[in-house]
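FYI, the numbering just counts along the sequence from 1.
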Amino acid sequence: MDSAEYERKIASRFAAFDQDGNGYIDREDFSSAAAKLLAEFSVTARSDKGQDLYSGAEAFWQGMAGIADVDGDQRVTRQEFVTSAVKRLRDNPQRFGEIARPFVHAVIRVADEDGRGVTPAAVGRVLRALGVDDGIAAAAGAALDTDGDGRIGEEDALTAFAAYYVTPEPE
């Protein structure tokens, strides 16, 4: 995948973060994502899981802003997102994964409804709550269950999350 194609891919990922569609990513987009997930799984914001999710969302926002908010205005424009992903993350998707880790960890806690781990169906619910198309959400949930045990681990989820956002698809 050449650089221009990679930049187009990353630009398309921007919309997933821009939850309110106002043309930039900010703290409110991360809070909104957390609120949608809590509503989807009927978890209250004041519960331990709810507080962890909001804390994870804030940590993810801080990490994203630290990498991408070039002008320091507490907003990440599409161009800042594309430029930052290309320059800072393309060759190190693990860095993105580490920035996302507190959020992904908290999402898994919220989505693990029986204490035995997150199911592919729960992953589908998470993705749909965040605006992913039903078919893609269901397929992604199923694909993450790599060992076929019906549960998805945090490391698998984190690796897939980082790969989706910053790794070029194979040619």
Classify the ring geometry between F17 and F60 as parallel (under 30°), tilted (30 to 60°) or perpendicular (over 60°). perpendicular
Side chain proximity check, F14 to V82, heavy atoms < 4.5 angstrom: no
Closest non-hydrogen contact found for L38 with A45 is CD1-CA, 3.8 Å
Tell me the closest heavy-atom pair linking F103 and G56, and the distance in Å. CB-O, 3.6 Å
Does L144 reach the side chain of P120, with side-chain heavy atoms less than 4.5 Å apart? no
Side chains of M64 and F81, heavy atoms from C-beta outward: is any pair under 4.5 Å? yes
Distance check, rounded to the nearest 0.5 Å: D52 atom CG versus I108 atom CD1? 12.5 Å
Could you give the distance from CG (D133) to CZ (R128), rounded to the nearest 0.5 Å? 9.5 Å
For the residue pair A111 and V126, what are the closest heavy atoms and their distance? CB-CG2, 3.9 Å
Please find the pair of heavy atoms, one from L130 and one from A33, that lie closest to each other, and give the distance. CD2-CB, 3.6 Å
Minimal non-hydrogen separation, D145 against G150, with atom names: OD2-N, 2.8 Å
Roughly how far, to the nearest 0.5 Å, is CD1 of I152 from CG of L158? 13.5 Å
Looking at Y24, is R78 sitting on its ring face, NZ or CZ under 6.0 Å from the six-membered ring centre and within 45 degrees of the normal? no
Is K49 reaching over with its side chain to a backbone N or O of R109, donor-acceptor style, under 3.5 angstrom? yes
Give, for atom CD of Q51 and atom OG1 of T44, the distance between the pair rounded to the nearest 0.5 Å. 8.5 Å
Provide the closest heavy-atom pair for Y54 versus S31 in the form atom of the first, atom of the second, distance. CE2-O, 3.6 Å
Distance alone, cut at 3.5 Å: any donor-acceptor contact between the side chains of T83 and Q79? yes
Is a donor on one side and an acceptor on the other found under 3.5 Å between the side chain of D29 and the backbone of S32? no
Here the gap from D26 atom CG to Q19 atom CD, rounded to the nearest 0.5 Å, amounts to 11.0 Å
I'd like to know if the side chain of R125 reaches the main chain of E40, judged simply by a donor and an acceptor atom lying under 3.5 Å from each other, with no hydrogens or angles considered. yes
State, yes or no, whether a side-chain contact exists between L127 and I136 at a heavy-atom distance under 4.5 Å. no
Check the orientation of F30 and W61. Use parallel for under 30°, tilted for 30 to 60°, and perpendicular for over 60°. tilted
Is a salt bridge present between D114 and R151, judged by a nitrogen-to-oxygen distance below 4.0 Å? yes
Verify, without hydrogens or angle tests, whether E80 (side chain) and D71 (backbone) share a donor-acceptor contact under 3.5 angstrom. yes
Report the C-alpha distance between R101 and E154 in whole Å, list the side-chain angles of each, state the deciding distance to 0.1 Å, and finish with yes or no for salt bridge (charged side-chain N to carboxylate O under 4.0 Å, His left out). CA-CA 9 Å; R101 183 179 294 280; E154 183 173 327; 3.5 Å; yes
Would you say D134's side chain and A138's backbone share a donor-acceptor pair under 3.5 angstrom? no
Going from NE2 on H105 to OG on S55, what distance comes out if it is rounded to the nearest 0.5 angstrom? 11.0 Å
Is a donor on one side and an acceptor on the other found under 3.5 Å between the side chain of S47 and the backbone of V43? no
Kindly indicate whether the side chain of R75, heavy atoms from C-beta on, has any atom under 4.5 Å from the side chain of D69. no
Take atom CG in D147; do more than 12 heavy atoms of anything else shown fall under 6.0 Å from it? yes
